[in-house]
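Report on one structure; see the data block that follows.
Keep in mind that this is a model prediction, so the values were computed, not measured. Just so it is clear: chains get the letters A, B, ... in the order the sequence lines come, proteins before strands, and each one is counted from 1.
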There are 2 protein chains.
Amino acid sequence: MTDKHSYGQFCPLSMASEIVCTRWTPLILREFLHGTTRFNDLRRGVPKMSPALLSKRLKELEAAGIITSETRADGNPEYRLTEMGRELEPALMALGGWGHRWIESSVSLRNLDPSLLMWDMRRNLAPLSLPDRRCTIQFLYPELAPVDQNWWIVVEDGAVDLCRIDPGHEIDLLVSASLRAMTSVWMGLTTIKAEVEAGRIQLDGERAIARSIGKWLGLSHFAPMKRNVG
Amino acid sequence: MTDKHSYGQFCPLSMASEIVCTRWTPLILREFLHGTTRFNDLRRGVPKMSPALLSKRLKELEAAGIITSETRADGNPEYRLTEMGRELEPALMALGGWGHRWIESSVSLRNLDPSLLMWDMRRNLAPLSLPDRRCTIQFLYPELAPVDQNWWIVVEDGAVDLCRIDPGHEIDLLVSASLRAMTSVWMGLTTIKAEVEAGRIQLDGERAIARSIGKWLGLSHFAPMKRNVG
DNA sequence: CTGCATCCTCTTCGATACTG
DNA sequence: CAGTATCGAAGAGGATGCAG
């Protein structure tokens with residue numbers, strides 16, 4: 001009829017699913033809802049997706065009216081949600097909230113990935129809850145392969161940068177952790193405090209910054225919410 | 001890592017999308033939320049899906065904990081949503097509501113299908129708003145091929161049956177319509193009253209039943225809601 | 001470096017037919 | 001009624017290339 005990919009149903013849920021519920025698309029939209037606008041930043045949020053497929057999906061989303069692309073001064077496109085796209089947020093949040101409440105942590109925690117964790121903590125970090133000067137926080141995951149062990153987050157003038165190579169600044173706080181413990185904290189399965197007491201996370205450095213970590217550390221949007229399963 | 005199909009991300013939206021946002025799955029869940037429990041009834045809601053794929057999806061949903069299957073007395077399985085599955089309703093309603101508000105009717109109306117329309121009107125019909133006796137309502141779509149022209153809905157003792165062959169009862173109301181007009185009414189783009197006045201729908205039969213059609217006729221759950229596009 | 005396009009392989013899907 | 005079996009077509013993933 002219309003095309004091969006269509007469900008052929010006029011039902012609004014069917015029409016919406018044709019656009020939103022295709023492979024990778026909810027994750028791309030998650031990146032957009034976090035404010036990402038550029039191709040390679042999108043890729044950091046969905047690193048296992050091939051660039052060709054991401055490119056295809058962006059064209060589909062643009063054709064559907066969910067995003068626009070505009071060529072910037074540097075000649076590269078900038079993608080942005082339209083109002084239609086922004087209004088997907090409640091539906092995606094509801095789906096994410098359901099996942100948070102119902103999907104077993106033992107399943108989610110099979111997908112540990114320091115890169116995704118740090119990338120998300122970077123964007124959810126609250127600079128205003130840190131001292132009003134440059135702050136450098138190092139994260140150390142001793143159990144990982146050397147290339148993934150060290151991460152630095154540099155906060156300066158409200159901007160948050162994530163580095164995989166030492167920026168050379170004095171370290172204000174060193175967070176040493178098992179990746180599983182840190183991810184569990186991010187997900188809201190446990191707390192920094194509990195993990196520190198259990199010896200799975202250590203904080204070394206400036207007392208004030210360590211004490212206020214619960215305020216500035218960016219966790220999952222769903223972390224404060226109750227769960228129904230283990 | 002885990003398997004090929006996984007996005008490899010611990011994010012709850014990613015985990016939820018792996019289960020819910022696969023091809024056909026939102027439509028299957030829509031059927032379940034309407035109370036369907038049997039394989040061939042599910043098929044009526046997703047007639048363009050192959051039975052092999054439906055069977056596969058049901059196994060996946062069961063493995064994910066969203067449905068259970070129990071063998072009934074007749075030896076055939078009965079599928080039911082678990083609590084985990086029922087709690088998907090807000091997310092799916094949000095997605096459907098978004099589709100209703102934002103997807104152009106000209107696009108949805110490319111998917112006209114009398115079978116899907118009648119099947120949905122059957123299950124959303126309100127028997128209590130009809131006289132407390134057997135009522136037979138015939139729908140006639142003169143422009144369609146003969147096999148799709150005639151439909152009968154029989155309401156008796158609170159049960160609603162849909163027939164494609166004449167049940168032989170006296171007709172209490174004959175609804176003659178263009179399929180596009182009837183579907184537009186179902187979607188909430190227009191009203192029965194407006195379509196009758198425009199000559200695209202005719203009601204012939206018992207006055208009281210015709211007058212109360214707005215009460216007993218089952219429309220889309222989203223029909224009363226505002227839309228943002230044409 | 002960013003933003004793709006191409007080529008190739010592998011998996012999934014759809015159509016049809018058939019079974020207990 | 002409730003599925004399997006089979007097979008060709010479409011789609012996704014990985015590697016590589018390339019222009020601005």
Name all residues meeting the ring-ring contact (aromatic ring centres under 6.0 Å, His included) criterion together with B:F10; count only those two or more places apart in sequence or in a different chain, and write none if there are none. A:W186

Using the test ring-ring contact (aromatic ring centres under 6.0 Å, His included), find all partners of A:W24 that sit at least two apart in sequence or belong to another chain. B:Y7

Nearest-Å distance for atom pair [atom1]/[atom2], residues [X] and [N]:
{"X": "B:N76", "N": "D:dC1", "atom1": "CG", "atom2": "C1'", "answer": "5 Å"}
{"X": "A:K48", "N": "D:dG14", "atom1": "NZ", "atom2": "P", "answer": "9 Å"}
{"X": "B:W24", "N": "D:dG11", "atom1": "CH2", "atom2": "P", "answer": "14 Å"}
{"X": "A:E18", "N": "D:dG11", "atom1": "CD", "atom2": "P", "answer": "13 Å"}
{"X": "B:I28", "N": "D:dG3", "atom1": "CD1", "atom2": "C1'", "answer": "14 Å"}
{"X": "B:R43", "N": "D:dG3", "atom1": "CZ", "atom2": "P", "answer": "11 Å"}

Can you see if the side chain of [X] gets near the phosphate of [N] - specifically, an N or O under 4.0 Å from OP1 or OP2?
{"X": "B:N40", "N": "D:dC1", "result": "yes"}
{"X": "B:R23", "N": "C:dG14", "result": "yes"}
{"X": "A:Y7", "N": "C:dC13", "result": "no"}

Considering only C:dG3, C:dG14, D:dA12, which nucleotide approaches the side chain of A:R38 most closely? C:dG3

So which nucleotide from D:dG13, D:dA2, C:dG3 ends up closest to the side chain of B:R72? D:dA2

Salt bridge (Lys or Arg N to Asp or Glu O under 4.0 Å) partners of residues 113-127 of chain B, not counting sequence neighbours, each pair once: B:E31-B:R123, B:D120-B:R123

Where at least one partner belongs to residues 62-78 of chain B, residue pairs that pass salt bridge (Lys or Arg N to Asp or Glu O under 4.0 Å), sequence neighbours excluded: B:R72-B:D74, B:E78-B:R80

How sharply is the helix from C:dC1-D:dG20 to C:dG20-D:dC1 bent, taking the axes over five pairs at either end and rounding to 10 degrees? 40°

B:I19 side chain near A:I103 side chain, heavy-atom distance below 4.5 Å: yes

Quick check on contacts: within residues 49-70 of chain B, what sits under 4.0 Å from DNA chain D by heavy-atom distance? B:P51, B:A52, B:S55, B:K59

Check the angle between the aromatic planes of B:Y79 and B:F39 and answer parallel, tilted or perpendicular using the 30° and 60° thresholds. tilted

Is it true that the side chains of B:T136 and B:E170 contain a donor and an acceptor less than 3.5 Å apart? no

Mind listing the closest non-hydrogen atom pair of B:T25 and B:V20 along with its distance? CB-O, 3.4 Å

Is the shortest distance from a Lys or Arg side-chain nitrogen in A:D157 or A:R134 to a carboxylate oxygen in the other one below 4.0 Å? no

